[in-house]
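Quick one: the structure is below, and I'll ask about it shortly.
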Number of protein chains: 2
Amino acid sequence: MKPRSRRGGGRPTIADVARKAGVGAITVSRALREPERVSPELREQIARAVDALGYVPDRNARALASARADVIGVLVPSLTNNVFAEVVRGIYDGLGDTHLQVQLGNTHYSGLEEERLLQVFLSQKPSALIVSGIDQTPAARALLESAGCPVVQIMEIGPDPVDMMIGFSHLEGGRAVTRHMIEAGYRKVGFIGARMDPRSQRRLAGYRAAMEAAGLYDVRLVTTTTTPSSVSLGQELFRDALAKVPTLDAVFCNNDDLALGVLFEANRAALAIPSKVGIAGFNDLDMMHVAFPSITSVRTPRYEIGRQAIAMARAAIAGKRPADLVVDTGFELMARESTARHPDGRRPPAP
Amino acid sequence: MKPRSRRGGGRPTIADVARKAGVGAITVSRALREPERVSPELREQIARAVDALGYVPDRNARALASARADVIGVLVPSLTNNVFAEVVRGIYDGLGDTHLQVQLGNTHYSGLEEERLLQVFLSQKPSALIVSGIDQTPAARALLESAGCPVVQIMEIGPDPVDMMIGFSHLEGGRAVTRHMIEAGYRKVGFIGARMDPRSQRRLAGYRAAMEAAGLYDVRLVTTTTTPSSVSLGQELFRDALAKVPTLDAVFCNNDDLALGVLFEANRAALAIPSKVGIAGFNDLDMMHVAFPSITSVRTPRYEIGRQAIAMARAAIAGKRPADLVVDTGFELMARESTARHPDGRRPPAP
DNA sequence: CCGACAATTGGTAGCGCTACCATCCCTCTG
DNA sequence: CAGAGGGATGGTAGCGCTACCAATTGTCGG
């Protein structure tokens, strides 16, 4: 019986290549996926046929037949947030020239959306999954645990990995900057936070721990909102914080965008930095060291986290599970002009 | 003959659902894709079976059988550049709750990489393609023309669309800001550009056109590099520009990151803005209106371009090709404090 | 010199779904 | 009341590829 006319628009198939090269279809398949299992002569012959016909394997057929797509599903809460943009860049760069593809999903910081996307991703049988954070819903966690592929949780570390994990402690990050500001002589150190996703919450917890340890904690110093972060929001929240506590002498911002907004607002209100008010951010975007004055921040290795997450996933796909399933990348406090106030004539503590 | 044991890990298939619902497999398929072609009773019955079994269609099988994947391929030159991050956000938002998925590719501003990714994307038979810019290589263009699916070129418009197009004229954008600065009384208006991709080149062309029209053009006013843009690079290039032309009285920056770097450097060097030096950026990121002083920029509808590109692609997929295949979104000049210098006692021209 | 064994190649039978066409049943027309 | 026409449903045959196993060849130790 005559086969029905090609639906796919006449693109050559593996059978065409096999015919042209005078070999079996399966050998062509092997030559493309595991060249070392095919003799050099045939390999060469097949390569010529592939070039001549302009053959490109059909990923859909391949995925169906092998019950595994060459796709790594990646779930991030935001694509415009520079932090995740950098993570994603690291992920793409970590792919190198593998045949793997990335399937990106944006959860918009919503656990339900994460569940939904996980369902969708799973329906493609991905080779691995990368998800952001450690606060999956129970349903999402169940999906991850029965995913049947390597899973990497990124950006944070916690006690109970689904599989693998790479990130750092946001609580310790928050604690470190806050402590630094206290040591610089600031007493009324405020916290300004937008979005307040779980990672922000933990930065706040670190702030609170440091403030309480110094006997300086006061709820009224904390100004947060669930509104998405932006530079202009930093400006607004700083105004709010000052209105609540006019004696505020420093602010630790949730992230660098807010810190920049605070800087501009302080400039506008003619509040001298760092003498009148100290400013610190989080993530250490490029602009922080260029700003005038330069802004203290916590450098987070987000690009590296993306790269390494892929490296871990690739190792696991290849069956070589890394020795360390949980990797703490740490962070680095970048103390700069915006918090360089010397307390009561004392020199700041040596590093 | 007994079928080989399930490779897919025992997930239910359409046949399982059909059996459970007491209907044919094809009816299940239809109930899921074109519910209106199935009677309400069966639809209901099938829905129950789907829920009971937790059935999720296999995208790979679906794509193979229908020779069409529910995927829209999107090629952007960068993921960290806020502009494209916003475009991508618009694209994801434009998807709504369709079953469509986005496949994102990062060309790193390379035509060759664009070709390679196009090959890869085409091997999945995407439902549509969205590509950035209008400067595809001949090979990439050929691939697009024979893609057999709707194609949307975004961010720019030009005379020769592959299929559909949505964007604005970067040349006109550059011309508009430059003219604005000249009208504000600046004479030695410099151009600072990083990356210098085709769109930047056209902004420069617009700058040049405006400067020449005013008899002010001088090559030495132009400072560019192919290095990727950043705030710190803005700082450096501004220093370079001043070293070349110490009488420089304004700069039009390629983009807002550079403009921010210039602002900080001007602050640092105690050059008053806007009296001593005027500053303008491009794209109008949120921070531009918050900055102190606020910075003049050109607002570009990048989020909207992403949304509309998807809308156009969806219409075309559904067979309803939009009336306007080429959409000019325009742009908006946002004149702010950073260029508010009154020329020689004259009031600035009314808007 | 023979059987064992590895290396290389090929045939067959699906993977899970949908395009195509056939069938069935109902309603409507003349 | 026969026949036409249309809507709903189902069967069959692949989509292009790979898993599994069989077949063939060459190599080696005993």
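Here is how names work: the chains are called A, B, and so on, in the same order as the sequence lines, proteins then strands, and each is numbered from 1. Just so it is clear, the values below take in all heavy atoms, side chains as well, and ignore hydrogens, waters and symmetry mates.
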### Task
Counting heavy atoms from C-beta on, name the nucleotide in dG16(D), dC17(C), dA19(C) closest to the side chain of Asp58(B).
dC17(C)

### Query
Side-chain donor or acceptor of Arg30(B) under 3.5 Å from a matching atom on the base of dG10(D)?
yes

### Task
With the side chain of Arg37(B) defined as its heavy atoms from C-beta on, choose the nearest nucleotide among dT9(D), dG11(D), dC17(D).
dT9(D)

### Task
Tell me whether the OP1 or OP2 atom of dT9(D) has a side-chain N or O from Ser39(B) closer than 4.0 Å.
yes

### Query
With respect to the side chain of Leu64(B), which nucleotide from dG16(D), dG14(D), dT18(D) is positioned closest?
dG16(D)

### Message
Rounded to whole Å, how long is the line connecting atom CD1 of Ile26(B) with atom C1' of dA22(C)?
### Response
13 Å

### Summary
Note: for Val28(B) and Gly24(A) on DNA chain C, the residue whose nearest nucleotide lies more 5' is Gly24(A)

### Interatomic distance where CD belongs to Glu41(A) and C1' belongs to dT8(C) [whole Å]
11 Å

#### Entry: Euclidean distance, atom CG of residue Leu42(A) to atom P of dT25(D) [Å, nearest integer]
15 Å

#### Entry: Protein-nucleotide distance (Lys125(A), atom NZ; dC17(D), atom P), rounded to Å
18 Å

### Message
Is any side-chain heavy atom of Leu129(B) closer than 4.5 Å to one of Phe121(B)?
### Response
yes

### Query
So, is Arg33(A) near the phosphate of dT18(D), with a side-chain N or O under 4.0 Å from OP1 or OP2?
yes

### Query
Short question: side chain of Ser132(A), backbone of Ile154(A) - any donor-acceptor pair under 3.5 Å?
no

### Query
Is any side-chain nitrogen or oxygen of Arg59(B) closer than 4.0 Å to OP1 or OP2 of dC15(C)?
no

### Task
Give a yes/no on whether any side-chain N or O of Thr27(B) is located under 4.0 angstrom from OP1 or OP2 of dG10(D).
yes

### Message
Return whichever of Ala25(A) or Glu36(A) has its heavy-atom-nearest nucleotide of DNA chain C closer to the 5' end.
### Response
Glu36(A)

### Message
Counting only side-chain nitrogens and oxygens, does Ser29(A) get under 4.0 Å of the OP1 or OP2 atom of dT18(D)?
### Response
yes

### Query
Can you tell if the side chain of Gln119(B) reaches within under 4.5 Å of the side chain of Glu115(B), non-hydrogen atoms only?
no

### Query
Of the candidate nucleotides dG16(C), dG11(C), dG10(D), which contains the atom at the shortest distance from the side chain of Thr13(B)?
dG16(C)

### Message
When you compare the side chains of Arg141(A) and Thr137(A), does any donor N or O come within less than 3.5 Å of an acceptor on the partner?
### Response
no

### Task
Could you state the atom-to-atom distance from CG of Leu53(A) to P of dG16(D) in whole Å?
14 Å

### Atom pair distance, as rounded to whole Å: CG in Leu32(A) and P in dA19(D)
13 Å

#### Entry: Integer-rounded Å distance: dC20(C) C1' and Glu34(B) CD
13 Å

### Query
Nearest of dG10(C), dT8(C), dC17(D) to any side-chain atom of Ala61(A)?
dC17(D)

## Note on the structure
To the nearest angstrom, the CD1-P distance between Ile14(A) and dG14(D) comes to 19 Å

### Query
Between Gln153(B) and Val162(B), is there a donor-acceptor pair closer than 3.5 Å when you use the side chain of the first and the backbone of the second?
yes

### Task
Using atom types as modelled and distance alone, determine if a side-chain donor or acceptor of Arg43(B) lies under 3.5 Å from a backbone N or O of Val38(B).
yes

